[in-house]
Structure formats: C-alpha cells, structure tokens
2 protein chains.
Amino acid sequence: MINIREVAKMAGVSPATVSRVINGTARVSAEKRARVLQAITATDFVPNEVARSLYRKSAKLIGLIIPSIKNPYFTQVASIIEHMATEHGYRVFLCDVGDDIEKEEIALQTLVAMNADGVIIASTNEAIQDYAAMCQIPVVAIDSLFATKRIDAYVYCDYYAGGRMAAEHLIECGCKNIVCIKGPQRIFSAKARYEGYRDVCREHGLREQTVTCDYDFKAGLAMTEQLLETFPGVDGIIACNDVVAISTYKILHRKHISVPDQIQLIGFDDIEWASLISPELTTITQPIQRMATKAMELIIDNEKTTEKGVEIVFPVTLTVRETTKKKGSCK
Amino acid sequence: MINIREVAKMAGVSPATVSRVINGTARVSAEKRARVLQAITATDFVPNEVARSLYRKSAKLIGLIIPSIKNPYFTQVASIIEHMATEHGYRVFLCDVGDDIEKEEIALQTLVAMNADGVIIASTNEAIQDYAAMCQIPVVAIDSLFATKRIDAYVYCDYYAGGRMAAEHLIECGCKNIVCIKGPQRIFSAKARYEGYRDVCREHGLREQTVTCDYDFKAGLAMTEQLLETFPGVDGIIACNDVVAISTYKILHRKHISVPDQIQLIGFDDIEWASLISPELTTITQPIQRMATKAMELIIDNEKTTEKGVEIVFPVTLTVRETTKKKGSCK
DNA sequence: TCATAGTTTGAAACGGGTTTCAAGTTGATA
DNA sequence: TATCAACTTGAAACCCGTTTCAAACTATGA
C-alpha cells in the first residue's frame, strides 16, 4: 500500500505538505498543491485511517451495541444512526452482543481501544454501567434507564403511559378479559409497560391476568399457547412488544381464532413489520426516529453536555390498525 | 488513557517486556511477568487497538457491505458472519450502502484504510469490481456473479434451478395462469430466477406473464396491484423474493383474495420472516447459513486460495408451507 | 576456572499521517 | 537599499504497541 512519504517523493515535496493539501490545514503554494494533487491521483493514494486515528485519538467512529441484529427494532435504530453518522462524517461500528454481559463488556473495551468517539448502548444489563462509567468516551443508553444512573444519558420513552394506553384502548374496544404478556421484569421498558396495564386494570376493577415472556419470537409462540389454556375466556391480549405480538397472532391464526373479532391484540414499538404483515398490527408507537436522532446528538455534541445521568423521555402514541376494533363500529 | 509505557514504568520494566507478557510472544521471567500483570490489573490497561493494527497492518477486521440493514435477508447473513468472525478472533464492520455505488466505493476504500483483512460484498453493482480489484485485500461477493470475474470469489446459489422449481411447483399445484414478479434484470439472481420460470413455461406450453419490481416491500405492493389489473385470471404468483411475496400477500389479503385457495404464492430466499408470518410462506430456500459460512472461510483462509474468480454454487430447495397447496389434497 | 551456548532484557526503530517549530522566502514599507 | 512582517516549507517529534538487535546475564560442559 502506498504511503504519504512516497506520494511526497513523487511530488517533490515533504510529507507535511502532502498532509496539508489533503486536510486543507495550512496554505500551500498553488504550484506544489497541483503537483501533490497530481501525485495523489496517479497513485490512487488514500490516507491510512489507522495512522490518522492513532495521532488524532479519534477514529470518527461511533459504537452501537445491540442485543441482536435480527431484531427489527434494533435494525431500525441502527439504520437511523448509520445515516446520521454518515451525514456528520462519522462511521458506525455495530456490535451484536446478545444478552451476554461479557460480550457487551468486551465490545465496549474494543470500541474504546479502537478510538471510538462515543457509544450508544441498547442494553438490558445494568452491569454494563460499571464498564461504561470507566471508559473516557461518552456513552448513551437507548431504551433503558437503570436504577443507579452512571451513564452520561438515557434516551427512552414513557413506557408506563404506553402500558396504560394499550389497556385503555382494549377496554374502549369492549374487552372484558384482558391478558398481558409481560416482558422480563428486569427490563425497564417491560416493567413500566406492565405497571401501566396493572394500574388501568385496578382503576377499572378488572382482574389482572398475566404471563411472562422473553422479548423474542419463539418465546411468544410458547407463551401464547399457555395463555390460551390458562385464560380460556380471554378477549384481549397486550403483547410486550411487536415481535411477540406477531407470534401471538400466529398462534391465534393457527387455531382459527379470529382477530380482532374473537380476540383483540395490541403490541408495543411499532416496528416497520407491524404495518407490513397482514392483518396490520395495532400497537403503541415509539418515536424511534426521534429517539435515535437524540441519542446521536448527545454523542456528537458531547462537548456541551457535561453532566451525567441526563434523561430524555419521549411520549408514545396509540396507532390503531387492524388487530383491534371498537365493538359495534364497522370497519 | 493509560499507555504501555506507563504500565512499563509502574512495573519497572521496558515497554517491550509488557508487550511480550500481553502477547506471549517471548519468554519473560516469572518475577517480571508477575509485576507486569499486577500493573495491568491495577491500571485496567487495555492495549490501544489502533496502534496495534498500525504496526501489524491487520485490524482483525472483516468488512461486510450490504444494501440495507433493514432487509432481513442481509441481517441474517450479517448475523452468521458476525458469529463466525467472533469465533475466529475477528470483528465485523458492517456498511449499509443502499444502492449507491459511490457509497459502496467509499465503504470499500474506508475498509482498506482501516486495515480490514477482507471484505464480503452483497452488491448488485457490477462497477464495484473496479475498486474491489484494486484493493490489496481479499474480496468475496455473496449472492452475485458478474460477467467479468474480477473479484476473488463468488458465493451464490443456483437461482435458475430455483426459478424452475417455483414454476414447476405451482404447475403441480394446479395453477394454469402463473404470473412472475421479476426482480430488476440487472441483478444476477433476479435474472436467473426469471429465466428458470420462463423455460418451464415454454416447456409446458404456458403463457409467460411477468411484471418487473424492485427487491423491496413498497415496490411489491404497487406491482401486485398492477398485476391484478393486468392479469385478472391469475391463479399463481412467483414473487422475486420473500419480502415482495409478503407485500403481495398483503394486497391479496386486503382484497379478500384467499391464499392459497384462489391464488397460490411462492417467494425466494426463505428469510426467517417467511415462516413467522401467517400464513407461512412457501418459498425457495437458499442455504444462507452455508453461503455465509463459505464466504467467511474464503476470507479467513485466503492465504491458500490464490486464484481469482472462484465460483461456489449452492443448491436451493423447495420449502412448501401454507401459501401453496396441491389441488384436491386436504391440508 | 574458562569458554560457549542459551536465555532474558531494554533501547531503538518501525508503521504512517499530523503537527510543531524554526528556517528560508517573498514582499512591502521606510 | 535595509528592515520587518507575513507566508511557505520541511525536519523532526509525536501518537502507541511491536519487533529487532545486540548487550547482559545464566548455566552448562570442558
């Protein structure tokens, strides 16, 4: 691979001058500039990014740590962050770490060792904070809030309100027998959503009926089967997220239970697939675009935000589609 | 950030000795080793990955260039590659470039400048070859084959056979009036799939009926609407991939056309969503796992493969699910 | 006890782009 | 024409982990 010294030799100047031409960091005489430019074109020289970031101590790199690249929620987040980063001259390094706290920790260390300028973490592991607090670069959590706030910022939405909205909507749609498929309660969003549902039940004097299920398709299938056995009279289901809602629908469809006529169904997140599948899913919409954008802004503008534990909360909205309907109203 | 020289000072040894302890590249006396290890623990020292890869000229990094991170086909590929890479001590840098040849070229340049050890490209742009041929690192194309073979290797499957299988299956299921939603014909896989369909039509004396559509959800919706107007008697649809098949189903469902009773539907790829949605999609299965694994092997074992333009072709299989059924047979 | 082979160790060079600093130029003003 | 400011330029230091090379040291055999 050709290096800057060879380009300099070819142009008859010093490496410093070539660097100045490339980066526009100082004035260079027109004549030398032309010679340098010509040598660069002739050799297809591209500066070695590694040497650059070694000196600059910035790789123009933002790390994004997610539990699974196969989860459409996270790929939507990743896509937005990727596009924003490109606009601002950054690159994104995506780390798919599963639920493995150790992998998460290694990813964070690696990102620091790669001179990343900041990290966005979509994690459910509170322990990650220990490592995040140690590293010198800005770290923003998306979609979670931990009891002890040691990360620079937390971007999430009002999950509790979402849980309430979901329950209230099903009640408005005439459901008398609502079951909530709770997510794992160690996860902040799952807990808040459940609490929203629980409080609405109490206020309306409805019995609280729940099963617990991982945020994942397979678990959703199994839990729906179980739910139908445990609560045979169910007429409304709140799934802990859209992926689980889709698997719930799958079981209902297989059992020839009509949605929304016999059982109404609502999810959370409003991932793109929610409106792509048939029937389209009624869900609680998270402003994914705004959340991801905010998380990126916090990283990029980090010079300004000096305080720790900043919380940015976004509102959620109800998006009614085809898996719920007001009783008596025609489609 | 602490560096190796400070650790060395603390342990009372030279940086060279610290490096030797960390990497196990030479013998170090037990006493000094212990002092070094202790200093590393005390300071939480993690070697700067950038300085390392500058010297080594390898970042233990594999680039993966894909058109969209939101397309589940590519995230499945990415997931497999990510896991294989981790096993082999590599990291994966994912570049989402859209259909933008310029972005693709920049991604490739950046990867080279980042000292990547190899690149896997899932591209439909033949022009990328010019850049791929120039860079000094192994480049493997997945899912495509270009007329002029200038990339190190091409990993793809027998799309033509897939096209034939799809058409033959619909014929066996009693379809008389099959429409093929062709993908963009500049794309190798789309062209081969169409040709398979075309040849089967000719052999069976069926009329060849097609519309053309991008490999993308929105395009699929529009094209299905158009298809139904142009070919009102259609009883079987071959979609150019699963994503388009899912959008086709969406339109049929919306128009209360029963699948598979009135129209049978088959896709290509067998992405995970094909079996998650309801009804489950009949499709032509690509061995995604095997393809991605092979592509990675070609990169990792590159010392051995010296020749250019290696072609690795995998077979496809028919996976019958719920959107097709043999006429007369009961479910 | 001396010579030789083998081991341990650190100084210095290396990778490649960037930046500082001082020297060399040019041009304008007195 | 002499002087000083402003600009252009390259040598060298820098970022930091790795590796080479030669020096210093240990141990073995004669």
Side-chain angles (χ1 to χ4, degrees), chain A residues 1-37 39-40 43-61 89 109-110 112-117 136-137, chain B residues 1-37 39-40 43-61 89 109-117 135-137:
Chain A
M1 204 79 256
I2 185 134
N3 66 26
I4 201 171
R5 281 161 235 263
E6 289 179 60
V7 173
K9 201 180 294 173
M10 181 176 294
V13 299
S14 73
T17 302
V18 178
S19 173
R20 287 192 266 254
V21 170
I22 292 170
N23 300 292
T25 41
R27 313 185 68 97
V28 172
S29 69
E31 180 219 358
K32 293 200 174 176
R33 149 170 283 109
R35 290 218 306 269
V36 168
L37 255 21
I40 289 176
T43 55
D44 283 316
F45 172 67
V46 177
N48 183 314
E49 212 49 55
V50 176
R52 268 188 164 169
S53 65
L54 175 60
Y55 187 89
R56 295 212 234 246
K57 296 185 168 182
S58 148
K60 282 293 191 180
L61 192 70
Q109 275 185 355
T110 307
V112 172
M114 286 172 87
N115 280 354
D117 300 274
Q136 313 292 328
I137 55 176
Chain B
M1 205 78 258
I2 184 131
N3 67 28
I4 202 171
R5 280 161 235 264
E6 290 179 60
V7 173
K9 200 180 294 171
M10 180 176 295
V13 299
S14 72
T17 302
V18 178
S19 173
R20 288 191 266 254
V21 170
I22 292 171
N23 299 292
T25 42
R27 315 182 68 96
V28 173
S29 70
E31 179 219 359
K32 293 202 174 177
R33 149 171 284 109
R35 291 216 309 268
V36 168
L37 254 21
I40 290 176
T43 55
D44 283 317
F45 172 67
V46 177
N48 184 314
E49 212 48 56
V50 176
R52 267 188 166 169
S53 66
L54 174 60
Y55 187 90
R56 295 211 233 246
K57 296 185 167 181
S58 148
K60 281 293 189 180
L61 192 70
Q109 275 184 356
T110 307
L111 286 167
V112 172
M114 286 173 88
N115 281 355
D117 300 275
C135 64
Q136 313 292 327
I137 55 176

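If you're wondering where the values come from, they're calculated on a predicted model, not measured in any experiment. Order of the sequence lines sets the chain letters (A, B, ...), proteins ahead of strands, with each chain counted from 1.
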Closest to the [X] side chain, choosing from [options]:
X     : options                : value
A/P47 : C/dG17, D/dT20, D/dT8  : C/dG17
B/P15 : C/dT19, D/dT18, D/dT19 : D/dT18
B/F45 : D/dG17, C/dG17, D/dT8  : D/dG17
A/N48 : C/dG17, D/dC7, C/dG15  : C/dG17

OP1, OP2 of [N] versus side-chain N and O of [X]: anything below 4.0 Å?
X     : N      : result
A/S29 : D/dT9  : yes
A/K57 : D/dC16 : yes
A/K32 : D/dT9  : yes
A/R27 : D/dC7  : no
B/N3  : D/dC15 : no

Ignoring hydrogens and angles, answer whether the base of [N] and the side-chain atoms of [X] contain a donor-acceptor pair closer than 3.5 Å.
X     : N      : value
B/R56 : D/dG17 : no
A/R5  : C/dG15 : no
A/R52 : C/dG16 : no

**Request:** Using the side chain to side chain contact (heavy atoms under 4.5 Å, CB included) rule, take B/N48 and B/N3 through it: C-alpha gap first, then chi angles, then the decisive distance, then the call.
**Result:** CA-CA 8 Å; B/N48 184 314; B/N3 67 28; over 6 Å; no
**Request:** May I ask you to check whether A/N115 and A/R52 show a side-chain donor-acceptor distance below 3.5 Å?
**Result:** no
**Message:** With side chain to side chain contact (heavy atoms under 4.5 Å, CB included) as the criterion, how do A/T43 and A/E6 come out once you've worked through the C-alpha distance, each side chain's angles and the decisive distance to 0.1 Å?
**Reply:** CA-CA 9 Å; A/T43 55; A/E6 289 179 60; over 6 Å; no
**Prompt:** B/I137 and B/V112: which non-hydrogen atoms are nearest, and at how many Å?
**Reply:** CD1-CG2, 3.9 Å
**Message:** At 4.0 Å (heavy atoms only), tell me whether A/V28 reaches a base, stays on the sugar-phosphate, or touches nothing.
**Reply:** sugar-phosphate
**Item:** Toward the 5' end of DNA chain C, by each residue's nearest nucleotide, A/V18 or B/T17
**Value:** B/T17
**Fill in**
Judged by nearest nucleotide, the residue sitting upstream toward the 5' end of DNA chain C, B/A51 or B/V13, is B/V13
Any non-hydrogen side-chain atom of [X] less than 4.5 Å from a side-chain atom of [Y]?
X     : Y     : value
A/I2  : A/D44 : no
A/V21 : A/L37 : yes
B/E49 : B/P47 : no

**Item:** Value in whole Å for how far the C1' atom of D/dT19 lies from OH of B/Y55
**Value:** 4 Å
**Prompt:** At how many degrees, to 10°, do the end axes of the helix from C/dT1-D/dA30 to C/dA30-D/dT1 meet when each uses five pairs?
**Reply:** 60°
